[in-house]
Amino acid sequence: MIGSELSSGLSEAVEAAIRGICERLILKFARLNDAGEHQALAAMFTETGTFARPADPDNFVQGRDAIFAFFRDRPARRTRHIMTNILVEVESEERARAHSLVTLFMGPGNSEALQCDAVLVGDFHDHLEKIGDRWLFAERRGNLTFKSELNRGG
Amino acid sequence: MIGSELSSGLSEAVEAAIRGICERLILKFARLNDAGEHQALAAMFTETGTFARPADPDNFVQGRDAIFAFFRDRPARRTRHIMTNILVEVESEERARAHSLVTLFMGPGNSEALQCDAVLVGDFHDHLEKIGDRWLFAERRGNLTFKSELNRGG
Amino acid sequence: MIGSELSSGLSEAVEAAIRGICERLILKFARLNDAGEHQALAAMFTETGTFARPADPDNFVQGRDAIFAFFRDRPARRTRHIMTNILVEVESEERARAHSLVTLFMGPGNSEALQCDAVLVGDFHDHLEKIGDRWLFAERRGNLTFKSELNRGG
């Protein structure tokens, strides 16, 4: 198994390393998103990268500046993007695809309380590319499956 | 650490590769299940493989044909199986065990809306075996811990 | 990529192995917690290790004995700690940090039913250290973001 070549023409060890990089990229995106780090979020895309959020999958935003503006201008809210079921398919040393599920917990942005208003479940289809020595999102296409309101706790 | 032998008698690198394969198998099962790909789902089991779903842990279905029929004949519904906390224990180059948690979001199968009716939390105990060059499920035993109805959103 | 040195001064392969060990440590902690294995839980900390649970992040419990007593004396309840978004930062061959999200499903401890009372979302900031040949938690600091009550199902 170790050292053998796969359909991508890469060794199992190289594929595993690329899968790890892409998985961490998807987790970092969620973390920057929850932290409101919009500039760093936009920098995770290629120059011509495209993004469509799960709640609006047909509406692509293209390019780092437009993606930054999209996130900056969105109404403030508190979020946790729970990323799971990440499956990365390595196509070459410079290209990969990934599918993941997102469970999004959302609450009002201006609140100090622990109130959660809604939980959404959707997924992301990603195209990832290595530009120079950095892996970036060439395309992030979201899709929404469930949306539920939660009771108010505290 | 790298290159050292573990209690399985395998090197850390070989164990890591097997763990990765088994983790992806568990994620692929969830994805095929959510996609309604029942034939492909049944093909992930060994010839005599057994399956007991979390909601009915004492009722084992045995063999690929029976497992296919079980999934095919189940009432249609929309699902997302969120798989987490996957811990794989490698026993040899051909055998492994895994434990994972599943959070299942469920809605009506005939609906275009985003309505989620219930969220269930359970777990899976798996026995995995390498048959030829493919890893397969020899046993998937589910268990249910929580079942909650959600408010209707949309 | 493989064999190249990172900012930690370690090879990519060594970093990947340490990341895997720390990820599994975080998953094992959740599993032992859900199983009520308080002694084994306490043994995952260094001698002077500290723990602050997400619901009470400023209140650190220090030392294995105190951590064991904390878990033992807590009111019994049924839990599933869903651990996701685990990002490990390797600092050296003996030190790492990790961030993870926790989604906690909770129900009454004395019930045979599937009733879930609350779902909480929070995170953990961990300091991990290798003592001898074992990786342990030197610090686990939790934080709470959301708390919601769920409808009663069954």
Side-chain angles (χ1 to χ4, degrees), chain A residues 1-7 10-23 26-27 54-57 80-90 97-106 116-125 142-153, chain B residues 2-3 10-21 23-35 77-86 90 93-94 100-108 111-119 121 130 133-135 148-154:
Chain A
M1 182 167 42
I2 304 292
S4 66
E5 288 207 355
L6 307 177
S7 66
L10 305 174
S11 72
E12 172 57 35
V14 170
E15 276 215 7
I18 294 174
R19 274 196 303 264
I21 290 167
C22 293
E23 285 169 15
I26 288 167
L27 298 183
D56 195 4
R80 285 298 177 271
H81 289 80
I82 310 284
M83 302 304 305
T84 61
N85 298 46
I86 304 174
L87 277 169
V88 178
E89 229 179 293
V90 179
R97 285 167 188 258
H99 180 257
S100 56
L101 296 183
V102 55
T103 307
L104 171 58
F105 289 83
M106 260 173 67
C116 178
D117 295 333
V119 55
L120 289 77
V121 178
D123 55 10
F124 278 108
H125 287 89
N143 220 72
L144 194 59
T145 307
F146 292 118
K147 179 172 182 176
S148 288
E149 286 172 30
L150 289 178
N151 287 332
R152 294 176 186 193
Chain B
I2 305 290
L10 305 174
S11 72
E12 172 58 34
V14 170
E15 276 215 7
I18 294 174
R19 274 196 303 264
I21 290 167
E23 285 168 15
R24 291 196 297 282
L25 222 60
I26 288 168
L27 299 183
K28 279 175 196 166
F29 188 94
R31 192 168 176 191
L32 291 171
N33 197 351
D34 291 337
R77 53 190 196 157
R78 191 143 51 142
T79 60
R80 285 299 177 271
H81 289 79
I82 310 285
M83 303 304 304
T84 61
N85 298 44
I86 304 174
V90 179
E93 235 165 328
E94 276 130 35
S100 56
L101 296 183
V102 55
T103 307
L104 171 58
F105 290 83
M106 262 174 66
S111 166
E112 290 299 301
L114 300 173
Q115 183 186 330
C116 178
D117 296 334
V119 56
V121 178
K130 192 177 183 186
D133 61 354
R134 292 186 61 205
W135 282 84
S148 288
E149 285 172 31
L150 290 178
N151 287 331
R152 292 174 188 194

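Computation of the quantities below employed the complete heavy-atom set of this structure, encompassing side-chain atoms and omitting hydrogens, waters and symmetry-equivalent molecules. The structure presented is a predicted model; accordingly, all values stated were derived computationally and were not measured. Letters A, B, ... mirror the listed sequences (proteins, then strands); counts begin at 1.
- Rounding to the nearest 0.5 angstrom, the gap separating the CG atom in Leu27(B) from the NE2 atom in His99(A) is 11.0 Å.
- Only the backbone of Thr79(B) comes within less than 4.5 Å of a heavy atom of chain A; no side-chain atom from C-beta onward does.
- Atom-to-atom distance recorded for Asp34(B):CG and Leu101(A):CG is 6.5 Å, nearest 0.5 angstrom.
- The heavy-atom pair separating Phe105(B) from Phe146(A) by the smallest distance is O-CE1, 3.5 Å.
- Leu87(A) CG to Glu23(B) CD: the interatomic distance, rounded to the nearest 0.5 Å, is 10.5 Å.
- Residue contact with chain B, scored on non-hydrogen atoms closer than 4.5 Å, involves the backbone and the side chain of Thr145(A) alike.
- Partners of Asn85(A) under the side chain to side chain donor-acceptor pair (under 3.5 Å) rule, at least two apart in sequence or in another chain, do not exist in this structure.
- Neither the backbone nor the side chain of Ile82(A) comes within less than 4.5 Å of any heavy atom in chain B.
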